[in-house]
Every structure is written in C-alpha cells, then in structure tokens.
Amino acid sequence: MSGTVIKPLRLAVLASGRGSNLQALIDASESGRMDGKVALLLTDNPNAYAIERAKKHDIPFRIIERKDFASRQAFDSAFADAVEESGVDIVALAGFMRIISPSFLSRFPGKVINVHPSLLPAFPGLDAQKQAFEYGVKITGCTVHFVDEGVDTGPIIIQSAVPVLPEDTVELLSARILEQEHIIYPKAVTMIARGEALPPEKFLARMNGLVS
Ligand code: GRF
C-alpha cells in the first residue's frame, strides 16, 4: 500500500512566561494529535514557568538572557544560533515577549510561527483580549500566523472565533480564547507538516530578502 509519508516537524518553542501553549504543543505531540514534536524550549526569562514544563517532559531547554549580551543584535544572534544548532524545522513563538528581528527572520524564512489572542489583523500587540473587550466587538478569537517583521502580522494559517458573551469579563473571555489557542496551535503545526499551510511565495521572497 502506498500513501503520503508525513514527516513530523521538530519544533523550537520560544516562550517567556507561563507556557500554556508550550504545554498544549507537548500534549498534542505526546498523544499523537500533532505531526510534530517539541525538540527545544528557548527562553529569555530564567523564571519562566515554561521551563518547569519542559523539564517535566524531558525537553531540552536553554535560557538566553538579554543582560548577558552587549547589544540587541548579539542577543538575537545567540537565539538564532541556538535554533540553528538544534536543527529544528519550525520556530513556534508562544508568549515570547520580544519582537523578532529581521535578522532572525532572514535566517529562518517562512519557518517562524506565532499564536495571538485576537482575530488578526484586529487588535495586534499587547493585551489583545482587553483591547477587543473594550472596543465592544461581539466576536473575537485567536490566530496562528507566519511571522514577518511587523508586530503580529504575516500570513494567517488558522483562526478560531470566540463570541463575547453579555456577562463576560476580560478574564473569562481570555480563558475561552486560550482554550482555542491550545486547539489551533497544534492544528497549525499539523497543517504545515502535511503541506496544507504553505507560506506564500511572495512572503518567502520578502523574508529571504531581509537584510541581516
Ligand atoms: C497567549 O495568549 C498567546 O496568544 C500570546 O501570549 C500568551 C502566552 O500564553 N502571544 P502562554 O505563555 O502560552 O500560556
């Protein structure tokens, strides 16, 4: 019998905080729901709870702190070097609190993805759930997208809509959005592994052309 062989993707996850999306990716991998495996956690925060999650699942992790580097550029290069050394297929941002530089992106064109708690392009940036709540939208949600040099911009892979309920608070709404993030992030990885989500040619050309 012949069939398409799907190669599970190896992921580097970049996280700065609690790491619930890291956990969702680990869980989906371990239960066979995702065509991918978390091969490395990279963090800029030695106190990130994400580190505890990695330890618990025997996932290698590295802490790279800004204070140990003279320049932003040297710090970025250290992250990119760590990703390159690990030989991963995809870099998944999961609550990574730093802007990804063009020089980092140019080393992994079309291979960096992010999860964001709004229906992009609405409400990019920090506190997206609060921004949506305060604007008064009736539907918000979350997005997984390929990362470009902007803030929460780049080609969209998958989205999930979450209604804003009359009795909602920012906290309740955020919790329901987070549940959806945990569903769509592993799905996005599987879509990429299966060739169902490809970075557009024009986008790739642009990422390849970023000056390092
Ligand atoms: C998530 O809401 C994600 O969309 C945003 O940062 C948050 C990270 O949460 N980019 P966690 O660290 O994965 O729990």
Side-chain angles (χ1 to χ4, degrees), residues 9 11-38 40-57 59 61 90-100 112-147 150-192 197:
L9 298 176
L11 313 181
V13 175
L14 270 57
S16 303
R18 70 185 163 184
S20 73
N21 277 288
L22 166 70
Q23 189 69 54
L25 293 167
I26 295 171
D27 292 346
S29 169
E30 289 185 352
S31 69
R33 280 180 290 117
M34 177 174 83
D35 294 329
K37 185 179 168 19
V38 180
L40 176 68
L41 165 68
L42 283 179
T43 184
D44 58 332
N45 175 10
N47 301 314
Y49 187 65
I51 297 170
E52 304 311 314
R53 299 182 192 268
K55 281 185 187 163
K56 203 167 160 198
H57 293 266
I59 291 167
F61 65 91
I90 291 286
V91 178
L93 310 182
F96 188 60
M97 298 310 287
R98 292 180 180 273
I99 310 275
I100 297 294
V112 185
I113 61 176
N114 181 42
V115 62
H116 182 76
S118 76
L119 290 178
L120 291 172
F123 311 119
L126 289 177
D127 296 327
Q129 307 95 325
K130 186 162 175 258
Q131 290 184 53
F133 186 79
E134 287 181 351
Y135 194 94
V137 296
K138 300 299 176 198
I139 298 175
T140 181
C142 49
T143 304
V144 180
H145 63 100
F146 291 107
V147 172
V151 175
D152 299 318
T153 53
I156 289 171
I157 299 168
I158 186 171
Q159 294 184 302
S160 179
V162 175
V164 182
L165 305 177
E167 66 277 19
D168 253 341
T169 60
V170 176
E171 291 70 30
L172 288 171
L173 178 61
S174 302
R176 291 203 314 286
I177 294 173
L178 193 62
E179 273 175 27
Q180 292 304 309
E181 293 183 38
H182 297 165
I183 295 170
I184 66 170
Y185 216 2
K187 263 192 195 165
V189 172
T190 296
M191 288 167 72
I192 296 169

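Quick note: residue numbers are just sequence positions, from 1.
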Rounded to the nearest 0.5 Å, what's the gap from CG on Leu126 to CD on Gln131? Could you check? 8.0 Å

Please enumerate all residues that pass salt bridge (Lys or Arg N to Asp or Glu O under 4.0 Å) together with Asp27, with sequence neighbours excluded. none

Side-chain contact, heavy-atom cut-off 4.5 Å: Ile100 with Asn114? no

Smallest separation among heavy atoms of Ile139 and Ala161, with atom names: CG2-CB, 3.8 Å

How long is the straight-line distance from CG of Leu11 back to CG of Leu25, given to the nearest 0.5 Å? 6.0 Å

Considering all heavy atoms of both residues, which atom of Ala128 and which atom of Ser118 are nearest to each other, and what is their separation? CB-CB, 4.0 Å

Would you compute the distance between atom OG of Ser160 and atom NE2 of His182 and round it to the nearest 0.5 angstrom? 12.5 Å

Below 4.5 Å, heavy atoms only, C-beta onward: do Thr43 and Phe61 meet side chain to side chain? no

For Phe146, the ring-ring contact (aromatic ring centres under 6.0 Å, His included) test, sequence neighbours excluded, returns none

Using modelled atom types and a 3.5 Å cut-off, is there a donor and acceptor pairing between side-chain atoms of Arg176 and backbone atoms of Val162? no

Closest heavy-atom pair and its distance - Ala48, Gly17: CB-O, 3.6 Å

Partner residues of Glu134 under the side-chain contact (heavy atoms from CB on, under 4.5 Å) criterion, sequence neighbours left out: Lys130

Using 0.5 Å steps for rounding, measure from the CD1 atom of Ile26 to the NE2 atom of His57. 5.0 Å

Any side-chain heavy-atom pair from Ile90 and Val189 closer than 4.5 angstrom? no

Results of salt bridge (Lys or Arg N to Asp or Glu O under 4.0 Å) for Asp152 - residues two or more places apart only: none

Considering only heavy atoms from C-beta outward, does the side chain of Asn45 approach that of Met97 to under 4.5 Å? no

Give the minimum heavy-atom separation between Val137 and Val164, together with the two atoms involved. O-CG2, 3.3 Å

Are more than 12 heavy atoms, taken from residues, nucleotides or ligands other than Leu172, located less than 6.0 Å from that residue's CG atom? yes

Distance col, row Leu178:CG vs Leu173:CG, nearest 0.5 angstrom, shows 11.0 Å

Which residues share a side-chain contact (heavy atoms from CB on, under 4.5 Å) with Ser31, sequence neighbours left out: Arg33

Work out which heavy atom in Gly141 is nearest to a heavy atom in Ile177; give both atom names and the distance. O-CG2, 3.4 Å

When you measure from the side chain of His116 to the backbone of Phe123, do you find a donor-acceptor pair of N or O atoms at a distance under 3.5 Å? yes

Which residues pass the side-chain hydrogen bond (donor to acceptor under 3.5 Å, both in side chains) test with Glu179, not counting sequence neighbours? none

Residues Ile113, Ile192; criterion side chain to side chain contact (heavy atoms under 4.5 Å, CB included); working and verdict: CA-CA 10 Å; Ile113 61 176; Ile192 296 169; 4.0 Å; yes

Begin with the C-alpha distance, continue with both residues' side-chain angles, and end with the deciding distance and a verdict on side chain to side chain contact (heavy atoms under 4.5 Å, CB included) for Leu120 and Thr153. CA-CA 8 Å; Leu120 291 172; Thr153 53; over 6 Å; no

Who passes side-chain contact (heavy atoms from CB on, under 4.5 Å) against Lys37, sequence neighbours left out? Ser29

In chain order, what residues pass the side-chain hydrogen bond (donor to acceptor under 3.5 Å, both in side chains) check against Thr143, with sequence neighbours excluded? Gln159

List the residues meeting side-chain hydrogen bond (donor to acceptor under 3.5 Å, both in side chains) with Thr190, not counting sequence neighbours, and say none if there are none. none

Considering all heavy atoms of both residues, which atom of Val144 and which atom of Ala188 are nearest to each other, and what is their separation? CG1-CB, 3.6 Å

Once you round to the nearest 0.5 Å, how far does CG of Leu93 lie from OH of Tyr185? 5.5 Å

Between Tyr135 and Thr140, is any pair of side-chain heavy atoms under 4.5 Å apart? no

For Phe96, all residues meeting ring-ring contact (aromatic ring centres under 6.0 Å, His included), sequence neighbours excluded: Phe79

Which residues satisfy the side-chain contact (heavy atoms from CB on, under 4.5 Å) test with Pro166, sequence neighbours excluded? none

Would you say the side-chain atoms of Asp44 and Ser16 include a donor-acceptor pair closer than 3.5 Å? yes

Who are the ring-ring contact (aromatic ring centres under 6.0 Å, His included) partners of Tyr49, not counting sequence neighbours? none

